[in-house]
Amino acid sequence: MTDRRSYSESICNSLAKGRALEAGCYRDPAAFELDVEHVLRPGWHAVARWDALPEPGDYSAVDLCGEPLVVVRDEERRLRVFSRVCRHRGHTVVEGSGSAPNPMCPYHLWIYGLDGRLKGAPLMKSKPGFDAGDCGLPVRLLMEA
């Protein structure tokens, strides 16, 4: 089962008969990618407990459906979820969990705020057309208390 059609047919046949899915649905990489695309990625997922990040700057790095994310408590005590990939060269900005009032990419020392905005980018001020406003970490979710 390596294509969408056979995967879809297998699911429909199994469901129509009131049976479990064929074993291939659980181990085929193409089937898994379809599940990620249609079931997992569009849904809501718990990525951190509200009380696990009590102070501004507290963060937890998570990977969800292959996407590297960071959950961070901002200055207004809201939880935010961003991509944790630096917009400059693609290095991850944080790993694990801890506290970082200004998450910084270790590769070229780009500094991000707890709102995801780029706060500092050494050596980029002299680059014509560089706009720090276009280089923040993409927001994935903002949760108010």
Side-chain angles (χ1 to χ4, degrees), residues 1-12 14-15 20-145:
M1 176 186 343
T2 57
D3 63 35
R4 291 175 182 258
R5 184 178 182 144
S6 62
Y7 177 63
S8 296
E9 288 173 1
S10 175
I11 289 174
C12 290
S14 296
L15 293 175
L21 300 177
E22 292 178 18
C25 291
Y26 297 99
R27 62 178 181 260
D28 186 284
F32 177 70
E33 286 304 316
L34 284 170
D35 279 347
V36 168
E37 179 183 342
H38 294 286
V39 179
L40 299 174
R41 205 166 262 140
W44 285 88
H45 303 280
V47 292
R49 287 178 44 125
W50 185 262
D51 60 351
L53 306 169
E55 299 300 322
D58 289 352
Y59 72 87
S60 179
V62 297
D63 289 311
L64 183 63
C65 299
E67 185 170 357
L69 303 172
V70 61
V71 183
V72 64
R73 177 78 63 184
D74 73 9
E75 291 92 350
E76 288 86 37
R77 307 192 78 75
R78 295 176 294 195
L79 285 181
R80 293 177 176 263
V81 180
F82 302 103
S83 168
R84 63 184 165 98
V85 176
C86 181
R87 300 295 297 275
H88 185 223
R89 295 287 189 237
H91 198 288
T92 52
V93 176
V94 295
E95 297 290 337
S97 61
S99 184
N102 292 297
M104 181 172 61
C105 178
Y107 192 60
H108 282 121
L109 308 179
W110 280 30
I111 300 169
Y112 293 92
L114 298 180
D115 59 0
R117 287 184 296 163
L118 180 64
K119 292 176 68 174
L123 307 176
M124 295 306 289
K125 290 180 185 175
S126 64
K127 302 294 180 193
F130 177 75
D131 182 2
D134 291 336
C135 297
L137 298 173
V139 175
R140 298 298 187 230
L141 178 67
L142 170 64
M143 293 181 55
E144 303 275 349

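We count residues from 1, following the sequence as given.
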Residues 115-124 vs side chain to side chain donor-acceptor pair (under 3.5 Å), sequence neighbours excluded, gives N102-K119, D115-R117
What pairs with E75 under side chain to side chain donor-acceptor pair (under 3.5 Å), at least two apart in sequence or on another chain? none
Just one of L114, V70, V72 clears the side-chain contact (heavy atoms from CB on, under 4.5 Å) bar with R80, so which one? V72
Partner residues of R49 under the salt bridge (Lys or Arg N to Asp or Glu O under 4.0 Å) criterion, sequence neighbours left out: D51
By side chain to side chain donor-acceptor pair (under 3.5 Å), H88 pairs with (sequence neighbours left out) H108
Applying side-chain contact (heavy atoms from CB on, under 4.5 Å), name anything that partners P54, two or more places apart in sequence or on another chain. D58
What heavy-atom pair brings L118 and A121 nearest, and what distance separates the two atoms? CD2-CB, 4.0 Å
Return the set of residues passing side-chain contact (heavy atoms from CB on, under 4.5 Å) with A48 (not counting sequence neighbours), or none when no residue passes. L53, V71
What closest approach, in Å, do C65 and L40 show between heavy atoms, and which atom pair accounts for it? SG-CB, 3.7 Å
Ignoring hydrogens and geometry, is there a side-chain-to-backbone donor-acceptor pair from D35 to V39 under 3.5 Å? no
Side chains of W110 and C135 in contact at under 4.5 Å (non-hydrogen atoms): yes
Counterpart residues, side chain to side chain donor-acceptor pair (under 3.5 Å), relative to E33 (two or more places apart): none
Who passes side chain to side chain donor-acceptor pair (under 3.5 Å) against S60, sequence neighbours left out? none
Residues passing the ring-ring contact (aromatic ring centres under 6.0 Å, His included) test with Y26, sequence neighbours excluded, are none
Where do P68 and V85 come nearest, in terms of heavy atoms and distance? CG-CG2, 3.5 Å
Roughly how far, to the nearest 0.5 Å, is SG of C86 from CG of L137? 7.5 Å
Interatomic spacing from CZ in F82 to CG in D74 - rounded to 0.5 Å: 7.5 Å
Can you sort out the partners of D131 under salt bridge (Lys or Arg N to Asp or Glu O under 4.0 Å), two or more places apart, ordered by chain and number? none
Could you tell me which residues satisfy side-chain contact (heavy atoms from CB on, under 4.5 Å) with K125, sequence neighbours excluded, listed by chain and number? none
Does Y107 OH have over 12 foreign heavy atoms under 6.0 Å away? no
Quick test of your reading: applying salt bridge (charged side-chain N to carboxylate O under 4.0 Å, His left out), list the pairs with at least one residue in residues 62-72, sequence neighbours left out, ordered by first then second residue. D63-R84, E67-R140
Do L79 and R73 come within less than 4.5 Å of each other through their side chains, counting heavy atoms only? yes
Rounded to the nearest 0.5 Å, how far apart are OH of Y59 and OG of S99? 8.0 Å
